[in-house]
*Asks:* 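The structure is given below, and queries will be raised subsequently.
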Amino acid sequence: MSEESPSSTLLRLVQGSWVTQALHVAATLGIADELRDGPATSDRLAAATGAHPDALHRLLRYLVSLGVLTGDDDGFRLTPVGELLRTDAPGSERERAIAYGTWNYEAFAGLLHTIRTGEAAFHHVFGMSPYGYLAQHPEKARFFDRQMARNEALFAKVPDVYDFSGTRKVVDVAGGNGALLSAILAAAPHARGVLFDAHHVVEAARDRLRERGVLDRCELAGGNFLESVPAGGDVYILSRVLHNWPDEDCRTLLSNCRTAMATGGRLLIFEHLLPDEDPGAQAVALDINMMALFNGRERTGAELGVLLADTGFELLDRHALHNDTTMLTARSH
């Protein structure tokens, strides 16, 4: 196979938006779910999904070229990559493919504004923050929560790398749908929890906590963590929160956590760490996404250590988890 020329490489890169939208459409239509039990022709898939037969056939042909499907007019099949677009697949990426093709995609149209001004592209495009947008669009907020819930494989491992046996009260700050807190409380039946997030978020989490059998040990608290966080916990959780915010706001949030806990309390932080080397790491791409959407950033372990030291914490250790996520443990002093 001949090596790709520079011009071909650049052409493939600038066509990335085509790939994003093709995967978005396939995920939205549920193509992978229709192929769950075996191959199907484009006509059959069009009838099942309500799509235009010729247009869908051409999309399927493109998905073959991308390695998402195999096959031809006699029938299309899922590749291992395509299997991840199934709703019921382990580690399903269907929710992500849909989200990346909608408001996330639209926000990136403002990336030039971000690079020129340092301001979030999302706010430039939509006139509000992602949090305000989701508060005004409940269905998209529920969709976002489902997308976040795909990290349950990560959450299930947390009790394996941190000993909660002596923990009395866990406060999950910006805990979303409560999936992580549920996993911790299930592994620590003696502990109680506080799920703290915006009012509409924690109320939406009530059913999930009930389904997990931990609602009776969990307090739902609504508020703004840049103002204060619930006091009295001996373990505080910040799961993929700091990367949404610039340094100044991170210092405010961390200081609020320090104020709320006693000396010697623990803070568990979950983030995609920027590597000191390896420019191809996933966190480098996520850093651009955080900048465009939230005016946030991914950070190195050293950068997080500085933020912690500035706000009354000592960084103790770190553990690599599922999906390039790292858990950092800090102690208040």
*Asks:* Can you spot which of Gln282, His243, His272 makes a side-chain hydrogen bond (donor to acceptor under 3.5 Å, both in side chains) with Glu298?
*Replies:* His243
*Asks:* Can you find a side-chain donor-acceptor pair between Asp163 and Ser165 that sits under 3.5 Å?
*Replies:* yes
*Asks:* Do you know which two heavy atoms are closest between Gly233 and Val171, and how far apart they sit?
*Replies:* CA-CG2, 3.9 Å
*Asks:* What is the minimum heavy-atom distance between Ala46 and Pro53, and which atoms define it?
*Replies:* CB-CA, 3.8 Å
*Asks:* Check the pair Leu45, Leu35 against side chain to side chain contact (heavy atoms under 4.5 Å, CB included), reporting the backbone distance first and the verdict last.
*Replies:* CA-CA 8 Å; Leu45 290 169; Leu35 293 173; 4.0 Å; yes
*Asks:* May I ask whether Tyr100 and Leu66 are part of the same hydrophobic cluster, defined by side-chain heavy atoms of I, L, V, M, F, W, Y residues being less than 4.5 angstrom apart, directly or through others?
*Replies:* no
*Asks:* Does any N or O in the side chain of Thr79 come within less than 3.5 Å of the main-chain N or O of Val68, such that one atom is a donor and the other an acceptor?
*Replies:* yes
*Asks:* Verify the distance criterion only: is there a donor paired with an acceptor across the side chains of Arg258 and Thr263 at less than 3.5 Å?
*Replies:* yes
*Asks:* Does the side chain of Asp172 reach to within under 4.5 Å of the side chain of Ile184, using non-hydrogen atoms?
*Replies:* no
*Asks:* To the nearest 0.5 Å, how far apart are CG in Leu195 and CZ in Arg206?
*Replies:* 10.0 Å
*Asks:* Once you round to the nearest 0.5 Å, how far does CG of Leu111 lie from CD1 of Ile115?
*Replies:* 4.5 Å
*Asks:* Spell out, yes or no, whether Leu60 and Val64 are grouped together once hydrophobic residues are joined by side-chain heavy atoms under 4.5 Å, including indirect joins.
*Replies:* yes
*Asks:* Just so I know, are the side chains of His57 and Phe76 near enough to count as touching, which here means a heavy-atom distance under 4.5 Å?
*Replies:* yes
*Asks:* Out of curiosity, Leu315 CG to Ile269 CD1, how far, rounded to the nearest 0.5 Å?
*Replies:* 7.5 Å
*Asks:* Under 3.5 Å, is there a donor on one side chain and an acceptor on the other for Thr87 and Arg94?
*Replies:* yes
*Asks:* At their closest point, which heavy atom of Ala107 faces which heavy atom of Leu293, and how far apart are they?
*Replies:* CB-CD1, 4.2 Å
*Asks:* Given Leu63, which partner from the list Val19, Leu23, Leu78, Val25 fulfils the side chain to side chain contact (heavy atoms under 4.5 Å, CB included) test?
*Replies:* Leu23
*Asks:* Considering non-hydrogen atoms only, spot the tightest contact between Leu29 and Ala51 and give its length.
*Replies:* CD1-CB, 4.4 Å
*Asks:* Under the 3.5 angstrom rule, does the side chain of Arg212 hit a backbone N or O of Ala179 as a donor-acceptor pair?
*Replies:* no
*Asks:* Donor-acceptor pair, Thr259 side chain versus Ser255 backbone, under 3.5 Å?
*Replies:* yes
*Asks:* Do the side chains of Arg299 and Cys250 get nearer than 4.5 Å, heavy atoms only?
*Replies:* yes
*Asks:* Salt bridge between Arg86 and Glu83, side-chain N to carboxylate O under 4.0 Å?
*Replies:* yes
*Asks:* Looking at side-chain heavy atoms only, is the closest gap between Val229 and Val194 below 4.5 Å?
*Replies:* no
*Asks:* Are Leu254 and Met290 connected into the same hydrophobic cluster when the rule is that any two of I, L, V, M, F, W, Y join if their side-chain heavy atoms are below 4.5 Å apart?
*Replies:* yes
*Asks:* Does Glu119 offer a backbone N or O that forms a donor-acceptor pair with the side chain of Thr114 under 3.5 Å?
*Replies:* yes
*Asks:* If the test is ring-ring contact (aromatic ring centres under 6.0 Å, His included), which one of Phe122, Tyr131, Tyr133, Trp245 qualifies with Phe294?
*Replies:* Tyr131
*Asks:* Test side chain to side chain contact (heavy atoms under 4.5 Å, CB included) on Val125 and Trp103; report intermediate values, then the result.
*Replies:* CA-CA 10 Å; Val125 172; Trp103 54 281; over 6 Å; no
*Asks:* Are there more than 12 heavy atoms of other residues, nucleotides or ligands under 6.0 Å from atom CZ of Arg58?
*Replies:* no
*Asks:* Does Leu307 offer a backbone N or O that forms a donor-acceptor pair with the side chain of Thr311 under 3.5 Å?
*Replies:* yes
*Asks:* Any side-chain heavy atom of Glu203 sitting closer than 4.5 Å to one from His200?
*Replies:* no
*Asks:* Are Arg297 and Glu303 close enough for a salt bridge, meaning some N to O gap below 4.0 Å?
*Replies:* no
*Asks:* How many angstroms lie between OG1 in Thr326 and CG in Asp317, if you round to the nearest 0.5 Å?
*Replies:* 11.5 Å
*Asks:* Are Leu286 and Ile288 co-members of a hydrophobic cluster defined by side-chain heavy atoms under 4.5 Å apart?
*Replies:* no
*Asks:* Taking atom CZ of Arg168 as the centre, does the number of heavy atoms from other residues, nucleotides or ligands within less than 6.0 Å exceed 12?
*Replies:* no
*Asks:* Is it true that atom CD of Gln15 has more than 12 heavy atoms of other residues, nucleotides or ligands lying nearer than 6.0 Å?
*Replies:* yes
*Asks:* Is a side-chain donor-acceptor pair under 3.5 Å present for Asp249 with Asn244?
*Replies:* no
*Asks:* Could you walk me through whether Tyr162 and Arg266 pass the side chain to side chain contact (heavy atoms under 4.5 Å, CB included) check?
*Replies:* CA-CA 11 Å; Tyr162 185 85; Arg266 295 298 193 266; 3.2 Å; yes
*Asks:* Taking atom NE2 of His113 and atom NE2 of His123, what is their separation to the nearest 0.5 Å?
*Replies:* 9.5 Å
*Asks:* Measure across Pro39 and Arg77 and return the closest heavy-atom pair with its distance rounded to 0.1 Å.
*Replies:* CB-CG, 3.5 Å
*Asks:* Considering only NZ, NE, NH1 and NH2 on the basic side and carboxylate oxygens on the acidic side, decide whether Glu211 and Arg208 come within less than 4.0 Å.
*Replies:* no
*Asks:* Does some side-chain heavy atom of Arg217 sit less than 4.5 Å from a side-chain heavy atom of Val214?
*Replies:* yes
*Asks:* Heavy-atom distance under 4.5 Å between the side chains of Asn104 and Asn289, does that happen here?
*Replies:* yes
*Asks:* Is there a donor-acceptor pair under 3.5 Å between the side chain of Glu314 and the backbone N or O of His333?
*Replies:* no
*Asks:* Any chance you could measure Leu304, atom CG, to Glu271, atom CD, to the nearest 0.5 Å?
*Replies:* 6.0 Å
*Asks:* Under the side chain to side chain contact (heavy atoms under 4.5 Å, CB included) rule, what do Met128 and Gln136 come out as? Steps first, then yes or no, please.
*Replies:* CA-CA 10 Å; Met128 65 185 76; Gln136 291 186 16; 3.6 Å; yes
*Asks:* Ignoring hydrogens and geometry, is there a side-chain-to-backbone donor-acceptor pair from Ser332 to Phe313 under 3.5 Å?
*Replies:* no
*Asks:* Looking at every heavy atom in both Leu181 and Cys218, which two are closest together, and how far apart are they?
*Replies:* CD2-SG, 3.5 Å
*Asks:* Determine whether Leu209 and Leu220 make a side-chain contact, defined as any pair of heavy atoms from C-beta on separated by less than 4.5 Å.
*Replies:* yes
*Asks:* With no hydrogens and no angle check, do the side chains of Asp234 and Thr167 hold a donor and an acceptor under 3.5 Å apart?
*Replies:* no
*Asks:* Say whether Val170 and Leu316 are linked into one hydrophobic cluster, either directly or through other cluster members, by side-chain heavy-atom distances under 4.5 angstrom.
*Replies:* no
